[in-house]
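Below, all heavy atoms of this structure are taken into account, side chains as well, without hydrogens, waters or symmetry copies.
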Amino acid sequence: MISPFPGGGAGRAAPRVDVFIFWTAVPRDGDFGKLLSRLDENEQARAARFHFNEDRNAFIAAHGLLRDALDRIAGIRPWRFRQMPGGKPVLDGESGRAPHFSLSHTRSMVAAAVGWYGPLGVDVETVTDGPRREDVAGLAFSAKEQASLSGLTGEAWNDAFFTLWTLKEAAVKATGQGLSADLPGFAFALSPPRLCTPGPDGSDPAEWQFHACRVVNCRLAAALRAAGPKAAFHVSEIAFQAL
């Protein structure tokens with residue numbers, strides 16, 4: 001089990017956020033049956049509704065990875081989940097202090113963020129080229145964010161776009177707002193990644209900490225709603241055999 005305090009020992013002040021990633025393309029399709037058995041009935045029913053195997057496998061892997069991440073952080077136990085009114089998943093029926101978590105997946109990668117210090121959000125997206133990226137930026141990004149993209153072209157523009165997008169998605173996942181959030185209503189700066197306006201729920205930017213990185217062909221961002229000492233974000237890959 002990973003200690004919530006870097007270096008171990010209760011009383012340490014520095015928050016730690018662990019982000020575990022897993023590549024869904026590595027195992028064969030048949031291997032996902034074992035992982036599916038770890039999911040609860042509701043999750044298994046949701047998995048069955050996916051039309052494409054790639055999407056179904058990504059969902060199964062994401063929820064299996066989340067259980068593994070929670071086991072590593074808080075110890076093995078039967079994990080049960082429920083959804084808040086806005087759709088944010090939380091642990092159900094847990095007595096005492098429970099870890100915060102967030103989950104994201106694309107067809108190629110899943111990510112689970114777990115920590116003890118405050119609400120979390122994580123988002124991962126495959127970096128692709130597309131003619132509609134400018135349209136999405138015009139609808140979802142603030143004027144400040146659009147201005148930060150205006151001097152960029154090609155790969156630099158694409159990478160900045162996905163960095164901003166994953167940061168915004170991670171932030172609204174942490175607040176639990178999801179699709180109801182006013183995405184153009186708050187803005188990020190990129191160097192380093194930080195809020196330069198109040199957060200998606202009107203919160204003080206000083207209450208937030210962020211981590212953004214590129215992992216092969218994916219962009220990942222994690223958000224922690226916790227003021228105070230600088231958080232240590234640890235990103236590590238989990239092999240399929242370890243789940």
S.K.: If you group Ile, Leu, Val, Met, Phe, Trp and Tyr by side-chain heavy-atom gaps below 4.5 Å, do Leu220 and Val17 land in one group?
M.R.: yes
S.K.: If only atom types and distance count, is the side chain of Lys88 paired as donor or acceptor with the main-chain N or O of Lys173 below 3.5 Å?
M.R.: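 Yes; judged by distance alone, with no hydrogens or angles, the pair exists.
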S.K.: Scan side-chain atoms only and decide if Asp71 and Trp79 contain a donor-acceptor pair under the 3.5 Å cut-off.
M.R.: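 Result is yes, a qualifying pair exists.
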S.K.: Between CZ of Arg107 and SG of Cys218, what distance do you get to the nearest 0.5 Å?
M.R.: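 Taking CZ in Arg107 and SG in Cys218, the distance rounds to 13.5 Å.
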S.K.: Please find the pair of heavy atoms, one from Thr197 and one from Gly185, that lie closest to each other, and give the distance.
M.R.: OG1-O, 4.5 Å
S.K.: From Leu120 CG over to Gln209 CD, what is the distance, rounded to the nearest 0.5 angstrom?
M.R.: 11.0 Å
S.K.: Would you indicate whether the side-chain heavy atoms of Phe20 and Arg72 approach each other to under 4.5 Å?
M.R.: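 Yes, their side chains come closer than 4.5 Å.
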S.K.: Could you give the distance from CH2 (Trp157) to OG (Ser148), rounded to the nearest 0.5 Å?
M.R.: 10.0 Å
S.K.: Closest approach of Ala212 and Leu167, non-hydrogen atoms and distance?
M.R.: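 Where Ala212 meets Leu167 most closely, the heavy atoms are CB-CD2, 4.3 Å.
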S.K.: Can Phe141 and Leu183 be said to form a side chain to side chain contact (heavy atoms under 4.5 Å, CB included), step by step?
M.R.: CA-CA 6 Å; Phe141 292 176; Leu183 292 180; over 6 Å; no
S.K.: Evaluate the side-chain proximity of Cys196 to Pro205: yes if any heavy-atom separation is below 4.5 Å, no if none is.
M.R.: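 Pro205 vs Cys196: side chains apart.
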S.K.: Under 4.5 Å between side-chain heavy atoms, counting indirect links through other Ile/Leu/Val/Met/Phe/Trp/Tyr residues: same cluster for Val172 and Phe101 or not?
M.R.: no
S.K.: Please test Arg225 against Asp201 for side chain to side chain contact (heavy atoms under 4.5 Å, CB included), starting from the C-alpha separation and ending with a verdict.
M.R.: CA-CA 11 Å; Arg225 178 78 180 275; Asp201 56 354; 2.8 Å; yes
S.K.: Using the rule that Ile, Leu, Val, Met, Phe, Trp and Tyr join whenever any side-chain heavy atoms are under 4.5 Å apart, tell me whether Leu152 and Phe162 fall into a single cluster.
M.R.: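 Leu152 and Phe162: one cluster.
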S.K.: Answer yes if Val216 and Val127 sit in the same cluster of Ile, Leu, Val, Met, Phe, Trp and Tyr residues linked by side chain heavy atoms under 4.5 Å apart, and no otherwise.
M.R.: no
S.K.: Membership question, hydrophobic clusters at under 4.5 Å side-chain separation (ILVMFWY): are Phe22 and Phe50 in the same one?
M.R.: yes
S.K.: Where is the tightest heavy-atom contact between Ala174 and Pro119, given as atom of each residue plus distance?
M.R.: O-CB, 3.5 Å
S.K.: Please report the shortest heavy-atom distance between His211 and Phe233, naming the atom on each side.
M.R.: CB-CG, 3.4 Å
S.K.: For the pair Leu164 and Leu190, evaluate side chain to side chain contact (heavy atoms under 4.5 Å, CB included) and give the outcome as yes or no after the intermediate values.
M.R.: CA-CA 8 Å; Leu164 288 170; Leu190 292 179; 3.5 Å; yes
S.K.: Sequence neighbours excluded, which residues qualify as salt bridge (charged side-chain N to carboxylate O under 4.0 Å, His left out) partners of Arg214?
M.R.: Asp159
S.K.: Is there a donor-acceptor pair under 3.5 Å between the side chain of Asn158 and the backbone N or O of Thr128?
M.R.: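 Such a contact is found between Asn158 side chain and Thr128 backbone.
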S.K.: To check you understand the geometry: which heavy-atom pair defines the closest contact between Ala58 and Val110, and what is its length?
M.R.: O-CG1, 3.4 Å
S.K.: Can you tell me how far apart CG (Asn57) and OG1 (Thr24) are? Round to the nearest 0.5 Å.
M.R.: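 Output value for this atom pair is 7.0 Å.
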S.K.: Specify the closest pair of heavy atoms between Trp165 and Glu125, including all atoms of both residues, with the distance to one decimal.
M.R.: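 Reported closest heavy-atom pair: NE1-OE2, 3.6 Å.
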S.K.: If I take atom CG from residue Asp40 and atom CZ from residue Phe81, how far apart are they, to the nearest 0.5 angstrom?
M.R.: 7.5 Å
S.K.: State the CG-OG distance between Leu224 and Ser102, to the nearest 0.5 angstrom.
M.R.: 11.5 Å
S.K.: Let's go through His63 and Leu103 carefully: what are the C-alpha distance in whole Å and the side-chain angles of both, what is the deciding distance for side chain to side chain contact (heavy atoms under 4.5 Å, CB included) to 0.1 Å, and is it a yes or a no?
M.R.: CA-CA 8 Å; His63 287 258; Leu103 191 61; 3.8 Å; yes
S.K.: Does the side chain of Leu36 come within less than 4.5 Å of Gln44's, by heavy atoms?
M.R.: yes
S.K.: Flag the pair Leu70 / Leu91 as yes when at least one side-chain heavy-atom distance between them is below 4.5 Å, and no otherwise.
M.R.: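 Sidechains of Leu91 and Leu70: in contact.
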S.K.: On the ring face of Phe186, is Lys168 found with NZ or CZ under 6.0 Å from the centre and within 45° of the axis?
M.R.: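 Yes - Lys168 lies over the ring of Phe186, closer than 6.0 Å to its centre and within 45° of its axis.
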